[in-house]
Amino acid sequence: MGLKAVAAGIAVGIAAAGGGIGMGLATAHAAESISRQPAAESKIRTTMMLGLVFIETAIIYALLVVILIIFVL
């Protein structure tokens with residue numbers, strides 16, 4: 001049980017770190033794009049939000065896999 005907890009912590013940590021880096025890069029590039037072309041703000045913002053949702057979904061899937069590893073295996 002102890003190694004499962006360590007593996008779960010590492011898995012969630014890597015998923016959260018990767019998701020955080022991805023979200024930060026997406027937000028930074030969207031802000032840069034909006035500052036370069038303010039007329040396209042709504043399209044850029046919509047696309048950014050959709051991308052952030054997909055990144056967050058991947059993190060939630062990683063959390064679900066970790067929960068399954070801890071309680072099922």
Side-chain angles (χ1 to χ4, degrees):
M1 184 63 177
L3 291 178
K4 284 184 189 179
V6 171
I10 291 172
V12 170
I14 290 173
I21 291 170
M23 286 181 177
L25 287 173
T27 305
H29 289 291
E32 181 182 347
S33 299
I34 290 170
S35 68
R36 288 177 186 250
Q37 193 171 8
E41 177 185 0
S42 63
K43 290 182 181 181
I44 294 169
R45 186 170 300 185
T46 302
T47 305
M48 180 194 67
M49 288 299 187
L50 186 62
L52 293 178
V53 166
F54 287 141
I55 293 171
E56 190 67 30
T57 302
I59 297 169
I60 291 171
Y61 284 150
L63 178 64
L64 290 175
V65 168
V66 166
I67 290 171
L68 286 174
I69 288 172
I70 290 175
F71 293 113
V72 175
L73 296 178

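We number each residue from 1, following the sequence as shown. All figures in this text were calculated on a predicted structure; none of them were measured in a lab.
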For Q37, what residues pass the side-chain hydrogen bond (donor to acceptor under 3.5 Å, both in side chains) criterion, not counting sequence neighbours? none
Are I10 and L3 grouped together when hydrophobic residues (ILVMFWY) are joined by side-chain heavy atoms under 4.5 angstrom apart? no
If you measure from CG on L64 to CD1 on I59, what distance do you get to the nearest 0.5 Å? 12.5 Å
Kindly list each side-chain donor-acceptor pair under 3.5 angstrom involving residues 23-32, sequence neighbours excluded, with atom names and distances?
{"unit_1": "T27", "atom_1": "OG1", "unit_2": "M23", "atom_2": "O", "d": "2.8"}
{"unit_1": "E32", "atom_1": "OE2", "unit_2": "R36", "atom_2": "NE", "d": "3.4"}
{"unit_1": "E32", "atom_1": "OE2", "unit_2": "R36", "atom_2": "NH2", "d": "3.1"}

Does one hydrophobic cluster hold both V65 and I14, with members joined at side-chain heavy-atom distances below 4.5 Å? no
Review item, side-chain donor-acceptor pairs of residues 46-55, under 3.5 Å, at least two apart:
{"unit_1": "T46", "atom_1": "OG1", "unit_2": "S42", "atom_2": "O", "d": "2.8"}
{"unit_1": "T47", "atom_1": "OG1", "unit_2": "K43", "atom_2": "O", "d": "2.9"}

Rounded to the nearest 0.5 angstrom, the CD-OG distance for E41 and S35 is 11.0 Å
